[in-house]
Number of protein chains: 2
Amino acid sequence: MQNKIKVAILGFGNIGKHAVGAVQASPDMQLVGIVQPVADLDSSGLSLARHYNLVESIDQLSEVDVALLCIPTRAVQQTALQLLAQGINTVDSFDIHGELADLRIELDKVARANNSVAVISAGWDPGTDSMVRCMFEFMVPRGITYTNFGPGMSMGHTVAAKSIPGVDNALSMTIPAGTGIHRRMVYVQLKPEADFNEVANAIKKDAYFAKDETIVTQVDDVSKLLDMGHAVNMERKGVSGITHNQLLSYSMKINNPALTSQIMIASARASMKQKPGAYTMIQIPIIDYIYGNENDIIRTMV
Amino acid sequence: MQNKIKVAILGFGNIGKHAVGAVQASPDMQLVGIVQPVADLDSSGLSLARHYNLVESIDQLSEVDVALLCIPTRAVQQTALQLLAQGINTVDSFDIHGELADLRIELDKVARANNSVAVISAGWDPGTDSMVRCMFEFMVPRGITYTNFGPGMSMGHTVAAKSIPGVDNALSMTIPAGTGIHRRMVYVQLKPEADFNEVANAIKKDAYFAKDETIVTQVDDVSKLLDMGHAVNMERKGVSGITHNQLLSYSMKINNPALTSQIMIASARASMKQKPGAYTMIQIPIIDYIYGNENDIIRTMV
């Protein structure tokens with residue numbers, strides 16, 4: 001029996017909380033600690049975290065193989081660099097598509113120098129969607145892939161809507177309109193003095209919303225609308241060799257933080273099997289993400 | 001500019017013919033020859049092959065990096081062992097699920113000893129379907145995956161139907177009935193003396209058909225029904241962490257030999273990037289199958 005992989009959860013928001021169950025459901029892993037200052041925990045976080053080894057700093061944990069960075073994307077780079085320099089593997093779900101290639105190059109140097117492994121952007125998009133997009137590319141090298149998101153809550157658009165003056169609380173839902181085009185359904189709860197039309201116009205002019213059809217609706221209580229479900233439908237039509245009209249499709253309807261944390265757990269497992277360096281999910285063999293013996297997996301799943 | 005990958009096509013049936021277009025559409029590859037005795041070519045094969053370097057044995061080709069084994073599954077092991085021993089990479093679409101794990105172990109020894117690489121079972125099932133099945137497994141580790149095939153022609157069932165006494169020609173279509181259950185629609189063209197009811201009963205009792213709903217229909221000319229389209233729908237419902245009802249789905253509607261040969265081409269490319277040994281598709285990073293520069297692929301596709 002090999003030793004279990006020692007996992008620490010850094011950050012205890014939605015993804016961190018879901019990661020607890022995912023680590024515990026993995027026969028090859030053990031949760032060595034949750035790293036989060038008590039002052040930053042909400043009530044549900046506090047009632048869950050107190051059953052585990054809750055610490056303020058990862059340095060208080062004696063042995064960590066992999067740290068799951070369940071923290072805001074903007075905090076990933078600095079935190080990962082520190083941990084990789086200590087020889088601790090990191091897994092993040094960094095989600096800015098335009099910046100992840102450079103992040104990987106940056107982390108790669110430090111990981112190689114310190115005998116550690118980073119798996120970056122290990123969520124569903126970027127992440128498993130990227131894996132499927134790349135499979136579609138080599139199966140059907142000419143053609144168009146459309147990634148249609150939703151229905152589901154967009155974190156980025158919700159934060160943007162909340163920042164508009166007069167908005168007390170907001171929710172921006174992403175609605176797929178086909179061929180990679182999306183409608184934004186924005187639900188706003190207003191401050192007492194706010195004018196709905198002014199708020200709605202300000203949202204529609206915001207850079208996050210200006211390019212998409214955006215419909216703003218006033219509600220009394222945004223919190224009653226919140227739901228962690230999300231969805232994706234990816235479609236490709238194109239050419240294999242010289243043969244046209246090859247049709248590929250991938251879709252999912254999932255609880256967002258539950259899937260993200262599960263993918264991070266699988267990536268934590270894969271990190272233990274890679275040479276030092278930083279990787280996106282497409283750079284790691286699929287078999288490395290799966291629990292079990294190599295030949296058994298090939299025998300039963302290929 | 002790096003040298004192009006020198007590809008030989010062994011066997012010139014449906015997959016071999018489609019492989020020609022797939023090699024030529026790949027900017028990093030060149031077709032160095034088609035290996036097939038002229039006597040074994042059909043008329044369409046002859047008219048296509050004569051535009052290329054057609055030889056009877058691979059030994060007549062001076063330089064080959066990768067051989068695409070577009071030959072019957074039962075001929076793969078012996079042919080691959082010979083080529084791997086000569087230091088030539090091989091790619092096959094060996095399709096017997098229950099035997100591929102042992103085939104890999106067998107080829108792996110010879111490939112390692114001779115500094116060559118084999119990618120085995122590089123088709124769509126086993127192959128890319130296996131990659132998606134394995135992704136579904138690590139995304140949603142508990143649950144059931146159903147692989148639903150068709151509508152499309154089953155080679156194995158068609159051969160079985162043709163071997164029934166009284167059958168002149170036959171076609172067995174696989175029709176998905178959901179949850180991995182399939183109906184067999186068998187179209188038979190009878191010999192003059194044959195009795196339809198006897199033939200139909202013999203087909204239904206055959207081991208290939210006995211477990212499935214099988215409907216046999218008599219037709220005048222099977223050749224008028226032939227079509228290379230096929231389809232797959234794969235579904236998984238299960239649990240990520242402790243969260244139930246995670247729904248994943250993958251489907252495609254494709255020209256079968258066109259997709260198979262394209263996947264073999266991608267695997268030929270990937271073979272050039274692996275250490276000596278034999279691999280199933282899940283053991284190779286997805287990025288290795290794609291044409292282009294690593295950082296460009298990450299920047300544009302992840």
Side-chain angles (χ1 to χ4, degrees), chain A residues 18-22 24-26 97 100-101 104-105 121 124 126 128 130-135 137-142 239-243 245-255 258-259 261-263 265-266 280-287 289-291 294-295 297-299 301-302, chain B residues 18-22 24-26 97 100-101 104-105 121 124 126 128 130-135 137-142 239-243 245-255 258-259 261-263 265-266 280-287 289-291 294-295 297-299 301-302:
Chain A
H18 278 87
V20 172
Q24 294 191 312
S26 301
H97 287 267
L100 62 85
R104 190 195 71 82
I105 292 168
S121 299
W124 52 267
T128 46
S130 316
M131 296 172 80
V132 175
R133 259 195 302 273
C134 288
M135 286 185 61
E137 178 78 14
F138 78 70
M139 294 165 74
V140 177
R142 279 188 295 150
V239 186
S240 302
I242 55 171
T243 303
N245 204 32
Q246 303 282 77
L247 305 171
L248 308 176
S249 166
Y250 166 77
S251 62
M252 59 180 201
K253 292 178 189 293
I254 46 80
N255 175 310
L259 181 62
S261 61
Q262 184 69 63
I263 293 169
I265 290 297
T280 56
M281 292 189 80
I282 64 167
Q283 296 172 278
I284 295 174
I286 294 174
I287 195 170
Y289 295 99
I290 304 174
Y291 168 67
E294 183 178 65
N295 279 322
I297 294 168
I298 294 171
R299 220 172 283 280
M301 306 223 20
V302 173
Chain B
H18 278 86
V20 172
Q24 293 190 313
S26 300
H97 287 267
L100 63 85
R104 191 194 70 81
I105 292 168
S121 299
W124 52 267
T128 47
S130 317
M131 295 172 80
V132 175
R133 259 195 300 275
C134 286
M135 286 186 60
E137 178 78 14
F138 78 70
M139 294 165 75
V140 177
R142 279 188 296 150
V239 185
S240 302
I242 55 171
T243 302
N245 204 33
Q246 304 282 77
L247 305 171
L248 308 177
S249 167
Y250 166 77
S251 62
M252 58 180 201
K253 292 178 190 292
I254 46 83
N255 175 308
L259 182 62
S261 62
Q262 184 69 64
I263 293 169
I265 291 297
T280 55
M281 291 189 80
I282 64 168
Q283 296 173 278
I284 295 174
I286 294 173
I287 195 170
Y289 296 99
I290 305 174
Y291 168 68
E294 183 177 65
N295 279 323
I297 295 169
I298 294 171
R299 220 172 283 281
M301 307 224 18
V302 172

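First the proteins, then the strands, lettered A, B, ... as listed; each starts at 1. No experiment lies behind these values; they were computed from the predicted model shown.
- Neither the backbone nor the side chain of A:Ile265 comes within less than 4.5 Å of any heavy atom of chain B.
- Of all the listed residues (A:Thr280, A:Ile287, A:Leu100, A:Thr243), the one sharing the greatest number of non-hydrogen pairs under 4.5 Å with chain B is A:Ile287.
- The SG atom of A:Cys134 lies 3.5 Å from the CD1 atom of B:Ile290; values are rounded to the nearest 0.5 Å.
- B:Leu248 touches chain A through backbone and side chain together, each having a heavy atom under 4.5 Å away.
- From B:Gln262, atom CD reaches atom OG1 of B:Thr128 across 11.0 Å, with rounding to the nearest 0.5 Å.
- Annotation: maximal heavy-atom pairing with chain A below 4.5 Å, among B:Ser249, B:Gly21, B:Pro141, occurs at B:Ser249.
- When B:Val239, B:Asn245, B:Ile298 are compared by the number of non-hydrogen pairs under 4.5 Å with chain A, B:Ile298 comes out ahead.
- The candidate with the highest count of non-hydrogen atom pairs below 4.5 Å against chain A, out of B:Ser121, B:Ala19, B:Ala258, B:Pro126, is B:Ala258.
- Neither the backbone nor the side chain of B:Gln24 comes within contact range of chain A; no heavy atoms are under 4.5 Å apart.
- Taking A:Met131, A:His97, A:Arg104, A:His18 one by one and counting their heavy-atom pairs under 4.5 Å with chain B, the maximum is reached by A:Met131.
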Check: Should A:Val132 and B:Val132 be marked as a side chain to side chain contact (heavy atoms under 4.5 Å, CB included) after you check the CA-CA gap, both sets of side-chain angles, and the distance that decides it?
Finding: CA-CA 8 Å; A:Val132 175; B:Val132 175; 5.7 Å; no

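- When the candidates A:Met252, A:Arg142, A:Gln246, A:Gln283 are compared by the number of heavy-atom contacts under 4.5 Å with chain B, A:Gln246 comes out ahead.
- The number of heavy-atom neighbours closer than 6.0 Å to CD1 of A:Ile242, taken from other residues, nucleotides and ligands shown, is 12 or below.
- Contact tally against chain B (heavy-atom pairs below 4.5 Å) for A:Ile297, A:Ile284, A:Val20: the top residue is A:Ile284.
- Between A:Met135 and B:Ile286, some side-chain heavy-atom pair lies under the 4.5 Å cut-off.
- With a 4.5 Å cut-off on non-hydrogen atoms, A:Ala101 touches chain B through its backbone and its side chain both.
- Atom OH of A:Tyr250 and atom OG of B:Ser251 lie 12.0 Å apart (nearest 0.5 Å).
- When each of A:Asn295, A:Ile263, A:Asn255 is scored by its heavy-atom pairs under 4.5 Å with chain B, the top score falls to A:Asn255.
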Check: Please walk me through it: do A:Ile254 and B:Leu247 pass side chain to side chain contact (heavy atoms under 4.5 Å, CB included)?
Finding: CA-CA 6 Å; A:Ile254 46 80; B:Leu247 305 171; 5.9 Å; no

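- Options B:Ser240, B:Ala22, B:Ala266 differ in how many heavy-atom pairs under 4.5 Å they form with chain A, and the most are formed by B:Ser240.
- With a 4.5 Å cut-off on non-hydrogen atoms, A:Leu259 touches chain B through its backbone and its side chain both.
- Options A:Met139, A:Met281, A:Arg133 differ in how many heavy-atom pairs under 4.5 Å they form with chain B, and the most are formed by A:Met139.
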